[in-house]
Amino acid sequence: MSFSQDKKKLLHTQLVKYGIHYRKAAKAAEILASETPDELLSYEEIQLTQEVCREWLKQRKRLHSIEENISF
């Protein structure tokens with residue numbers, strides 16, 4: 001398995017772990033792992049990636065907050 005494939009698999013796993021729909025996560029992981037410059041991506045690819053990353057960050061922060069509150 002190549003570095004790019006490993007990166008894609010890791011990104012996909014992390015996105016799904018934080019609640020991103022499987023297929024949406026797969027597409028975003030593929031785009032992110034390709035490291036294609038924004039100028040070469042379609043508007044839809046950019047929008048999808050931004051949406052997925054925002055949702056991932058939101059869910060990650062939510063989980064971190066829950067974990068902090070549980071540890072007290």
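Along the sequence shown, residues are numbered consecutively beginning with 1.
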* Structure fact -> One should read off an interatomic distance between Glu30 CD and Ser4 OG, to the nearest 0.5 angstrom, of 9.0 Å
* Mind checking ring pair (Phe, Tyr, Trp, His ring centres under 6.0 Å) for Phe3 and listing every partner two or more places apart, or none if nothing turns up? => none
* Give, for atom CD of Gln59 and atom NE2 of His64, the distance between the pair rounded to the nearest 0.5 Å. => 14.5 Å
* Asked: Just how far is it from atom NZ of Lys27 to atom OG1 of Thr49, taken to the nearest 0.5 Å?
  -> 8.5 Å
* Asked: Which atoms form the tightest heavy-atom contact between Leu63 and Tyr18, and what is the distance?
  -> CD2-CE2, 3.6 Å
* Indicate the atoms forming the closest heavy-atom contact of Leu11 with Ala33, along with that distance. => CD1-N, 3.9 Å
* Asked: Can you tell me how far NZ of Lys8 sits from CD1 of Ile31, rounded to the nearest 0.5 angstrom?
  -> 10.5 Å
* To do: Could you tell me which non-hydrogen atom of Ala29 sits nearest to which non-hydrogen atom of Leu15, and how far apart they are?
  => N-CD1, 4.2 Å
* Structure fact -> Between Ala28 and Leu48, the two heavy atoms sitting closest are N-CD2, 4.1 Å
* Asked: For residues 35-59, which residue pairs qualify under salt bridge (charged side-chain N to carboxylate O under 4.0 Å, His left out), counting only residues two or more places apart or in two chains?
  -> Lys7-Glu35, Lys24-Glu51
* In one Ile/Leu/Val/Met/Phe/Trp/Tyr side-chain cluster, 4.5 Å: Val52, Ile46 -> yes
* Structure fact -> Interatomic distance, CG@Leu41 vs CD@Gln47, rounded to 0.5 Å, equals 11.5 Å
* Roughly how far apart are Arg60 CZ and Lys17 NZ, rounded to 0.5 Å? -> 9.0 Å
* Not counting sequence neighbours, which residues clear side chain to side chain donor-acceptor pair (under 3.5 Å) with Thr36? List them please. => Ser34
